[in-house]
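In this chain, residues are counted from 1 in sequence order. Start at 1 and go down the list; that is how both ligands and their atoms are numbered. All values below were derived from every heavy atom in this structure, side-chain atoms included, with hydrogens, water molecules and symmetry-related copies excluded. Keep in mind that what you see is a predicted model, and the values were worked out from it rather than measured.
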Amino acid sequence: MKSIAVIPAERDVKLIEGEEPKLSSPSDVKLRMLEVGICGTDREICSFQYGTPPKGFDYLVIGHESLGEVAAVGPAVAGLKPGDLVVTMVRRPCLHEECVSCVSGRADFCYTGDFTERGIKGAHGFMADIVVDDERNMNLVPASLRDTAVLVEPLTIAEKALTQIWSMQGRLPWACPHSAAHGLGHCHRAVVLGAGPVGLLGAMALVRQGFDTYVYSRETAPNPKAAIAESIGAKYVSAETASVDQLAATVGNIDVVYEASGASRLSFEVIQRLGVNGIFVFTGVPGRKAPVSIDTDLVMRNVVLKNQAVFGSVNASRENFQDAIRDLVAFNELWPASVQALITGRYPLAAYHDLLLGRPTGIKNVLAFA
Ligand code: BGC
Ligand code: ZN
């Protein structure tokens with residue numbers, strides 16, 4: 001069996017031949033991998049910024065954005081059968097009884113930090129011909145999503161953010177009178193920072209909820225990312241041609257910021273323009289660079305005087321995966337060409353080196369297994 005692994009101690013990334021994993025418990029499911037997406041996290045692991053091999057291994061098989069086809073099931077598996085399409089979740093709970101999050105099936109809110117994540121931290125990932133996991137970590141995907149379900153995992157980031165936005169904005173009168181007909185976001189303006197896959201999928205989710213959505217990103221338009229943003233009814237604003245102040249003047253009261261850029265300086269510039277009763281969600285994980293100065297008095301005054309909320313969000317629950325699958329079906333009905341356009345390249349496993357270590361290109365690149 002072939003897989004792509006990093007060997008942190010040797011600072012190496014390579015295609016390795018290993019033994020196929022086997023069904024080891026009655027509720028295990030064996031998947032033939034179909035597609036695995038490549039994201040910034042994988043690239044950072046391949047530059048050895050993090051990524052931890054499982055106990056007893058000197059290498060880590062990477063990959064966490066996946067689509068597989070069920071090849072075999074254990075005798076206790078009830079919900080999946082050979083041929084089904086499946087997206088497997090990433091994080092597994094820590095084993096501490098006192099971790100109320102992990103104990104309640106919300107490892108995405110793990111307290112102890114001793115969780116594992118397949119392809120990232122302490123557990124092998126999905127860039128492998130064959131993957132075995134417990135049925136409880138898998139989500140059945142409709143056959144109609146065969147070509148796009150590899151986008152489910154990056155979409156879960158927006159789903160988790162939105163679920164939290166609804167619950168936090170529920171603390172105040174927020175929904176407009178037309179929300180029943182036009183979506184919970186109707187009458188509200190959202191700014192997405194970044195036009196990578198996480199940003200554009202987030203923009204799709206926001207538009208579908210009725211938000212007047214702006215995507216603010218570096219590259220000047222026209223460009224393929226701007227074209228996708230506009231094709232779904234969002235407005236693309238380039239940071240090269242419009243300052244944050246100009247962005248704020250165009251948008252009006254910024255009700256939601258969905259940060260998907262990993263750019264901290266930009267984020268703290270935009271936070272200063274967050275509107276009355278606004279909410280700002282961080283999803284990016286910036287590398288550590290030199291400190292920058294920000295007007296902390298202004299930010300603090302605004303947070304208080306404008307009743308703002310600022311939060312961060314990582315990983316996703318089963319419910320967030322289910323929401324992502326449902327939304328992806330809807331996106332494919334509303335904007336089939338735009339969803340397809342997010343996937344800018346499909347490559348054989350052997351192309352891993354340039355994709356992981358070369359200059360980033362396109363939007364979402366995918367390893368497609370023959
Ligand atoms: C993955 C998450 C994971 C996070 C931190 C992201 O790329 O999508 O599932 O929790 O990295 O490791
Ligand atoms: Zn990812």
Side-chain angles (χ1 to χ4, degrees), residues 4 6 8 35-54 60-68 86-94 99 101-102 105-127 131 133 137-139 149-164 193-194 196-202 205 258-264 281-288 311-325 327-328 342-343 355-356 360 363-367:
I4 308 297
V6 293
E35 297 196 330
V36 179
I38 294 174
C39 81
T41 302
D42 301 309
R43 298 175 59 87
E44 282 157 13
I45 294 172
C46 290
S47 62
F48 316 106
Q49 299 179 37
Y50 46 87
T52 318
L60 168 73
V61 174
I62 60 171
H64 58 275
E65 304 180 1
S66 74
L67 172 66
V86 158
V87 172
T88 306
M89 298 190 290
V90 178
R91 191 177 281 193
R92 304 291 171 268
C94 75
C99 183
S101 293
C102 285
R106 289 305 302 263
D108 60 312
F109 282 111
C110 176
Y111 280 90
T112 67
D114 290 339
F115 58 82
T116 56
E117 286 181 339
R118 293 205 61 170
I120 302 174
K121 181 177 179 284
H124 288 314
F126 306 137
M127 275 185 206
V131 163
D133 208 320
N137 300 316
M138 296 183 178
N139 297 281
V150 72
L151 299 171
V152 165
E153 197 279 343
L155 176 57
T156 60
I157 299 170
E159 299 296 347
K160 179 169 173 179
L162 271 170
T163 299
Q164 294 173 91
L193 300 182
V198 175
L200 289 172
L201 286 163
Y258 180 66
E259 181 283 314
S261 65
S264 63
V281 49
F282 284 103
T283 75
V285 185
R288 295 288 301 274
F311 73 102
S313 183
V314 69
N315 199 253
S317 68
R318 170 176 288 283
E319 190 196 353
N320 304 142
F321 273 82
Q322 298 294 330
D323 289 344
I325 292 166
D327 254 352
L328 198 59
L342 291 171
I343 301 178
L355 291 169
L356 289 162
I363 303 175
K364 174 60 72 186
N365 290 320
V366 167
L367 292 176

Review point. In terms of atom number and element, which parts of ligand 1 are under 4.0 angstrom from non-hydrogen atoms of His64?
Key: 1 (C), 7 (O), 8 (O)
Point to revise | Residue Phe48 excluded, over 12 heavy atoms near CZ under 6.0 Å | key: yes
Exercise for review: Go through the structure and list residues passing side chain to side chain contact (heavy atoms under 4.5 Å, CB included) with Val150, not counting sequence neighbours.
Suggested key: Glu35, Ile343, Val366
Review point. Sub-3.5 Å donor-acceptor pair from the side chain of Lys160 to the main-chain atoms of Ser317, do we have one?
Key: no
Point to revise | Per-atom contacts of ligand 1 with Thr41, taking only distances under 4.0 Å to non-hydrogen atoms | key: 6 (C), 7 (O), 11 (O)
Point to revise | Ligand-side contact atoms (ligand 1) for residue partner Glu153, heavy atom cut-off under 4.0 Å | key: 1 (C), 2 (C), 8 (O), 9 (O)
**Study point:** Asp133: partners by side-chain hydrogen bond (donor to acceptor under 3.5 Å, both in side chains), with sequence neighbours left out
**Key:** Arg92, Arg118, Asn137
Check your understanding: Heavy-atom distance to atom 3 (C) of ligand 1: which of Glu117, Arg91, Glu44 wins?
Key -> Glu117
